[in-house]
Amino acid sequence: MDRTLALAGLDDRPWPRLDHAYGSAEDLPALLCSLADDDPETADEALEELYGSILHQGTVYAATVEAVPFLARLAAAGHRSADLLVLLGGIAESTDEHGVAPGACRAAVAGQLPLVLGLTDAGEAEVRQAAVWAAGHTAAPAEAWPVLLGRWEEESDDAVRAELVTALVRLDPARGAPTALSALAPDGSARLRVTAVLACLAAGLPWDARQHDAVLAALPAEGLVSAFEECEPLQTLVGGLLRRDTAEDREAAFVLLEAALRIPEPDVRAEAVWAADHACMVSRSAPARLLPALLPLLDAPEPPHGVVSLLGKVAEQAGAGATALARLAAGNGDLADRALAALVTAAPALAAPLLAERLPERPRALAAASGARAPGTAAGAPFPYDAALLDAVRRRLADPESQGNEPIHLALLLASWGQRAAPAVPELLDALPRIPLAGPTALAAVCPDDGEPRTRTTERLRAAALHGPDEGRLSAARALHELTGDTVPLVTAIRAELTSPGPRLREAAQLVTPLGEAAGELVPAIRAALANRPAGPWLDAEAQLAAALWDITGDADTVVPVLDAVITADGGPWTRWTALRTARLAARLGSAARPLRPRLEELLATPLHAPAAVLALLAALPEEELRGPLERTVLAGQVLDAAESGVDADSAFEALSALGRTALTDEHLHRVERLARGDRRVVTGGIEDRIIRADEQLATRARETLTSLTVPTGPTEPSGRAGQAVPAPVRD
């Protein structure tokens, strides 16, 4: 097939009516023609643009389906065959589908299997490998399996054989398992054996000594898997074993990691530390189990960079390594800063003098001490007060070279110490122009109760609130109100934000209710702002203003329609969080929020929104209306779905407590028990340094909720309802 024939019918397709990542696909015919061009640079640019449009960051579209036959024909014609097969495989692999029926793109690639499979015996090994990879993602074992199995029996190239093992298991795990096991033979290459171990894991085969030995013998394993996969082999294997969530598989993962960490080769240790980091992100028991193997690495002449970062994430349990961390923290460079940041949490008494000594050189450690990164020490308290560190903070705050986030972190650290940091008032006042938001907050926290420093502070805050830069007026007025109770500057600052909506509108709205009686002056401005209905990024502020108006006036006729409109606003993915926060605000209305019932019921369908919606519904509806889909036991199941997703866990456990013990069945209690004491982490996303701590906080909340729901308060209730004895611990 020549390239002209490969593009036959190109102009007959309805490209303008189809969409890709950037809108209309009317540009695809020109792109496909450029892809077929003899000039390599032209074809390269076209290929890059196709990745951006029809497989944009892994997302596929209606136009993708139409493009597939032309891509397959060009590959079959021998034009950039390997590149186009990889693109086809990526299309078939995608489950992120936009504007197209589920599975349509994969089916389109499967429809081209005769052409794809025909390239599995191409002369170039890279083409054969790409063809195998693409075929393996088609979910079409009836067509692809016989050809790939036949290729396995004939293939001699190591990379292609490894790709075949993966593809056979992907197409049919049960039928592919024997091939994967056979590829574990000791005489096989490291690439083939590591790929076979991954395939055994994917096929659900039990772990055994052969797999353990194959992995250890192949280390370092980075680069031994398919170039088409984003995969760190050791990390993937460890994570896969831990996600099976059985005692046997956890032990297998930990034994494998401990053995890898004992191998002295630097590349192996670095890979093992990376995998151990991943293990701690997946398993709650991993830190305690792996720290004895990790801590000795701190004494190496050149400790693996990743081990210090990992100890920073699990610093609550890293106290045994405090001496070694302190030694590293006394050195120079980024490693020393990371070591001190870990020490801030693990052993703050050791960290304080080191931080005081080298404060300008330790930005990461300062951020940790200030609470800006994974706040809290091992005991969960703010970083302890230290006189020498206070002196160092004052000197640094007075240095005009302290710019960017540093003065903010300095101010946060001072604020955490309260009035013990009162000697720093002069430096905070001088630095106020550099930190117009954090500075007033710190001043309100550290300012003494009387004397000249308090007089100077209130004068400066008043001036900043009334005449300072717009950016800091609200923060200064809030701090002044906290110190003196003076509402006039705060009312003035809030009114200014209401009349000219900007990035501080939501903050201003949140400050209305705490004003008490003085908030009444703002009612006309609030009504005017709501009548103008600020759109887009001000939806959160609109909901907050409505809630403030309710707190002041109880005007449900105005407030409820606003909350309804905000919940239903379609402003893109970010409005999902707006809907959650608005549902929480709706709960403040109590029974007055009853007209919002249809909107709140719709929110129950998504785990992100369910807990907040349940809290609002419980506040709004009388008990007799909690029936059918709103029956308390049904709501408890939806709340637990949310808790198990790790999103808005605080609302989830609050909602469970509000539903009460009678809403929970034995199954519900076991699910709470698993959240509290299961080994798999529930929180798996967010800021990397905070994931582990966030999961531990979730587990603590789950244990507290479980205790509150299961402490006997009366006669045992009928079987299948809450109020019974605490369920047995979750077992594998």
Side-chain angles (χ1 to χ4, degrees), residues 1 68-69 71-78 80-95 103 105-185 187-205 211 214 224-231 233 236:
M1 181 187 301
V68 162
L71 298 174
R73 291 176 206 160
L74 283 171
R80 304 183 70 97
S81 298
D83 291 336
L84 297 185
L85 287 166
V86 172
L87 176 56
L88 288 167
I91 291 169
E93 181 185 27
S94 176
T95 56
C105 292
R106 180 179 297 109
V109 178
Q112 301 301 316
L113 268 174
L115 297 179
V116 173
L117 292 171
L119 293 169
T120 59
D121 62 357
E124 302 87 354
E126 64 173 348
V127 174
R128 298 200 300 275
Q129 184 183 0
V132 170
W133 187 75
H137 283 291
T138 58
E143 296 87 349
W145 177 273
V147 176
L148 297 188
L149 185 61
R151 187 70 243 165
W152 167 256
E153 294 168 353
E154 300 176 7
E155 185 59 57
S156 58
D157 184 87
D158 195 49
V160 181
R161 284 177 65 78
E163 201 71 62
L164 282 161
V165 172
T166 301
L168 289 169
V169 168
R170 184 175 284 130
L171 285 166
D172 190 327
R175 282 202 293 170
T179 304
L181 288 171
S182 70
L184 289 171
D187 59 349
S189 68
R191 176 187 296 274
L192 183 59
R193 296 182 75 199
V194 167
T195 301
V197 175
L198 287 165
C200 288
L201 184 71
L205 296 176
Q211 297 171 60
L224 292 182
V225 295
S226 171
F228 313 135
E229 305 278 354
E230 292 184 6
C231 170
T236 300

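Only a predicted model underlies this, so the values are computations on that prediction, with no experimental measurement involved.
For the pair Glu155 and Asp157, the minimum side-chain heavy-atom distance is below 4.5 Å. No side-chain heavy atom of Ser189 sits less than 4.5 Å from a side-chain heavy atom of Leu224. A 4.5 Å side-chain heavy-atom check between Leu164 and Arg151 finds at least one atom pair inside the cut-off. When side chains are defined from C-beta on, Leu85 does not count as touching Trp133, because their heavy atoms never get closer than 4.5 Å. In this structure, the side chains of Val132 and Thr166 stay at 4.5 Å or more apart for every pair of heavy atoms. Annotation: side chain of Arg73 is in contact with side chain of Leu115 (closest heavy-atom distance under 4.5 Å). At a threshold of 4.5 Å between non-hydrogen side-chain atoms, the residues Arg106 and Ser94 do not count as touching. The side-chain heavy atoms of Leu148 and Thr120, taken from C-beta on, include a pair separated by under 4.5 Å.
One distance of note links CG of Leu117 with CD of Glu143; it measures 8.5 Å at 0.5 Å rounding. Taking CZ of Phe228 as the reference point, atom CD of Gln129 lies at 4.0 Å (rounded to 0.5 Å). Considering CG of Leu192 and CG of Asp187, their distance stands at 9.5 Å, rounded to 0.5 Å. Separation of atoms CD1 (Ile91) and CD (Glu93) is listed at 11.0 Å; rounding is to 0.5 Å. The CG atom of Leu168 lies 9.0 Å from the CG atom of Asp172; values are rounded to the nearest 0.5 Å.
The two residues Ala140 and Ala110 come nearest to each other via the heavy atoms CB-CB, 4.3 Å. When all heavy atoms of Ala162 and Thr195 are compared, the pair lying nearest together is O-CG2, 3.2 Å. Here the shortest heavy-atom pairing between Cys231 and Pro233 reads O-CD, 3.5 Å. Closest of all the heavy-atom pairs between Leu171 and Ala144 is CD1-CB, 3.8 Å. The two atoms that bring Ala180 and Ala196 nearest to each other are O-CB, 3.4 Å, heavy atoms only. Between Ala122 and Val127 the shortest heavy-atom distance is CB-CG1, 3.7 Å.
Ser81 contributes a side-chain N or O that, together with a main-chain N or O of Ala75, makes up a donor-acceptor pair within less than 3.5 Å. Not one N or O on the side chain of Arg128 forms a donor-acceptor pair closer than 3.5 Å with the backbone of Leu119. With Arg161 contributing its side chain and Trp152 its backbone, the two residues share a donor-acceptor pair below 3.5 Å.
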Determine, stepwise, if the pair Val68 / Cys105 fulfils side-chain contact (heavy atoms from CB on, under 4.5 Å).
-> CA-CA 8 Å; Val68 162; Cys105 292; 5.9 Å; no
